[in-house]
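Keep in mind that the numbers below use all heavy atoms, side chains included, and drop hydrogens, waters and symmetry copies. Labels below follow one simple rule: chain letters A, B, ... track the order of the sequence lines, proteins then strands, and each chain is numbered from 1.
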Number of protein chains: 2
Amino acid sequence: MKRLLERIDREILAAGGKRSRSRAVVIEGFFRARDHVTIEELTRSVRESAPWIGAATVYRTLKLLERLGYAKELDFGEGARRYESNLSPHHDHLVCRQCGTVIEFEDTEIENLQDLVTRRHGFHPTAHRLEIYGFCRICASGESAERVR
Amino acid sequence: MKRLLERIDREILAAGGKRSRSRAVVIEGFFRARDHVTIEELTRSVRESAPWIGAATVYRTLKLLERLGYAKELDFGEGARRYESNLSPHHDHLVCRQCGTVIEFEDTEIENLQDLVTRRHGFHPTAHRLEIYGFCRICASGESAERVR
DNA sequence: GAATATCCTGAAATTGAATTTCATCATCAT
DNA sequence: ATGATGATGAAATTCAATTTCAGGATATTC
């Protein structure tokens, strides 16, 4: 984690940016937070230890991390976007409409078929999004206790 | 087309709704418009023949069509949502980031693999979205003339 | 270690799509 | 015709996201 933060720091400097206390707190908070956080959730969380931090800074910092390739923006159609760290390999998402749980999965076969489709249309892909919405095992079984989010 | 509009009319009546001139214009405009329109585009278009129609009515009418199963809401991350008619069979989208062209494709193999994935996680799918972003044949070849949208 | 250019900040203002409110009008059932 | 209720357009509101702005912090140059 320390090494990661230092590396990001160096990249920001190399790109003409400067260090800042607030940004450091947000970046570390982001990597420590559970994945798929909203800006609002992350803001609330970093403010516990650094209450002066404004939401605008959190927005700005996550855009920055996205530009540097360390974060990915997600949109599960909830109104607010979510962010995940981009350290783990590519994957897609199962999103439970009841409890909000997000299950990540990886399927190289699907990816291969996607490549076939794009090739068939002479299309040059740069990114894709695949989300499957529905009910997770627990919620589908009716045991659904409470809404997590 | 006439039969379709009449059928929708009947369904609205059956559900306790009433007819209205504005709504009829919007619905017909929607099915006549090219696919994947934004509310703003559709509003502009219906106002050519019915300038009194407000944007709120277009929003409301498309939500209604969605509820009845005749329209689908799309979000290509452009800020504004798009809508497509839900008459043709299920398909996914290739979205060109240069010219905005949307290519529809259908791939039952991908769908099957998706089912496998969900089953593997005990997940009960209700919907999914798969979009591949990149550059269409024309834009990728550099001939890209102008931005259509 | 001062000077300075420039970046970063938090608060507040702004944007823009989407939704809601509200007074009025239109449509359906009787 | 009449009454009940749905639908309308304009305006107000919501809400996430972005931008503005004046002040503060940080790197760089000497």
**Q** Can we say A:R44 and A:E40 salt-bridge, meaning some charged N sits less than 4.0 Å from an Asp/Glu carboxylate O?
**A**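 Counted as a salt bridge, because a side-chain N and a carboxylate O are separated by less than 4.0 Å.
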**Q** Closer than 4.0 Å, any side-chain N/O of B:S20 to the OP1 or OP2 of D:dT8?
**A**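 True: B:S20 side-chain N/O within range (under 4.0 Å) of D:dT8 OP1/OP2.
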**Q** Counting side-chain heavy atoms from CB outward, which of C:dC28, D:dA7, C:dT9 is closest to A:R23?
**A**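 Shortest atom-to-atom distance from the side chain points to C:dT9.
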**Q** Remember a base hit wins even if backbone is also touched, and classify A:R21 as base, sugar-phosphate or nothing at under 4.0 Å, heavy atoms.
**A**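 Since no nucleic acid heavy atom lies under 4.0 Å of A:R21, the category is nothing.
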**Q** Counting side-chain heavy atoms from CB outward, which of D:dA27, D:dT8, D:dG6 is closest to A:K18?
**A**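 Comparing D:dA27, D:dT8, D:dG6 against the side chain of A:K18, the answer is D:dA27.
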**Q** Using whole Å, what does the distance between atom C1' of nucleotide C:dC8 and atom CD1 of A:I53 come to?
**A**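 The distance from CD1 of A:I53 to C1' of C:dC8 comes to 12 Å, rounded to the nearest Å.
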**Q** Would you kindly give the CG-to-P distance between A:L74 and D:dA17, to the nearest whole Å?
**A**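 Computing the A:L74:CG to D:dA17:P distance gives 12 Å.
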**Q** Which class fits the ring pair A:F105 and B:H121: parallel under 30°, tilted 30 to 60°, perpendicular over 60°?
**A**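 A:F105 and B:H121: tilted rings.
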**Q** Could you check A:H128, A:E106, A:E104 and say which one makes a side chain to side chain donor-acceptor pair (under 3.5 Å) with A:H90?
**A**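 Option passing the side chain to side chain donor-acceptor pair (under 3.5 Å) with A:H90: A:H128.
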**Q** Heavy atoms only, 4.0 Å cut-off, all strands: where does B:A56 land among base, sugar-phosphate and nothing?
**A**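 Here B:A56 touches the bases of the nucleic acid.
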**Q** I want to verify a distance call: between D:dT8, C:dC28, D:dT18, whose nearest atom is closest to the A:K63 side chain?
**A**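 Nearest to the side-chain atoms of A:K63, counting from C-beta on, is D:dT18.
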**Q** According to the Watson-Crick and G-U wobble definitions, with both distances under 3.5 Å, which nucleotide is paired to C:dC25?
**A**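 The answer is D:dG6, by the H-bond criterion.
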**Q** So, B:R82 and B:E84, do they make that salt bridge, N to O below 4.0 Å?
**A**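 Not counted as a salt bridge, because no side-chain N and carboxylate O are separated by less than 4.0 Å.
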**Q** Counting any heavy atom closer than 4.0 Å, what does B:R81 reach on the DNA or RNA strands: base, sugar-phosphate only, or nothing?
**A**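 Sugar-phosphate contact only.
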**Q** Using the side-chain heavy atoms of A:R60, tell me which of these nucleotides is nearest: D:dT8, D:dA27, C:dT9.
**A**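 Closest nucleotide to the A:R60 side chain: C:dT9.
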**Q** Can you find a pair of side-chain heavy atoms, one from B:T118 and one from A:L94, that are under 4.5 Å apart?
**A**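 Result yes, sub-4.5 Å side-chain heavy-atom pair found.
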**Q** Of the nucleotides C:dT9, D:dT8, C:dA18, which one has an atom closest to the side chain of B:Y59?
**A**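 Of the options given, the side chain of B:Y59 lies nearest C:dA18.
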**Q** Between D:dG6 atom C1' and B:D9 atom CG, what is the distance in whole Å?
**A**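 The answer, rounded to whole Å, is 14 Å.
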**Q** Taking CZ from B:R67 and C1' from D:dG6, how many angstroms apart are they, rounded to a whole number?
**A**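 B:R67 atom CZ is separated from D:dG6 atom C1' by 13 Å.
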**Q** Specify the separation, in whole Å, of atom CG of B:L13 and atom P of C:dA26.
**A**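 Going from B:L13 (CG) to C:dA26 (P), I get 18 Å.
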**Q** Taking C-beta and beyond as the side chain, do B:D115 and B:E111 meet within less than 4.5 Å on heavy atoms?
**A**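 B:D115 vs B:E111: side chains apart.
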**Q** Write down the distance between CZ (A:R10) and C1' (D:dA27), rounded to a whole number of angstrom.
**A**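 Checked: the CZ to C1' distance equals 17 Å.
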**Q** Rounded to the Å, how far apart are A:L62 CG and D:dT18 C1'?
**A**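 About 14 Å, once rounded to whole Å.
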**Q** Relative to the 5' end of DNA chain D, which residue comes earlier, B:V58 or B:G16, by the nucleotide with the nearest heavy atom?
**A**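 Upstream on the strand: B:G16.
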**Q** Relative to the 5' end of DNA chain D, which residue comes earlier, B:R19 or A:I39, by the nucleotide with the nearest heavy atom?
**A**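 The answer here is B:R19.
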**Q** Without decimals, in angstroms, what is the distance between B:Y83 OH and C:dA18 C1'?
**A**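 Atom OH in B:Y83 sits about 9 Å away from atom C1' in C:dA18.
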**Q** Please figure out whether A:P51 or A:L64 has its closest DNA chain C nucleotide nearer the 5' end.
**A**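 Nearest-nucleotide comparison on DNA chain C picks A:L64.
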**Q** Measuring from the side chain of A:A80 (C-beta onward, heavy atoms only), which nucleotide among D:dA7, C:dC28, D:dA16 has the closest atom?
**A**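 Nucleotide nearest to A:A80's side chain: D:dA16.
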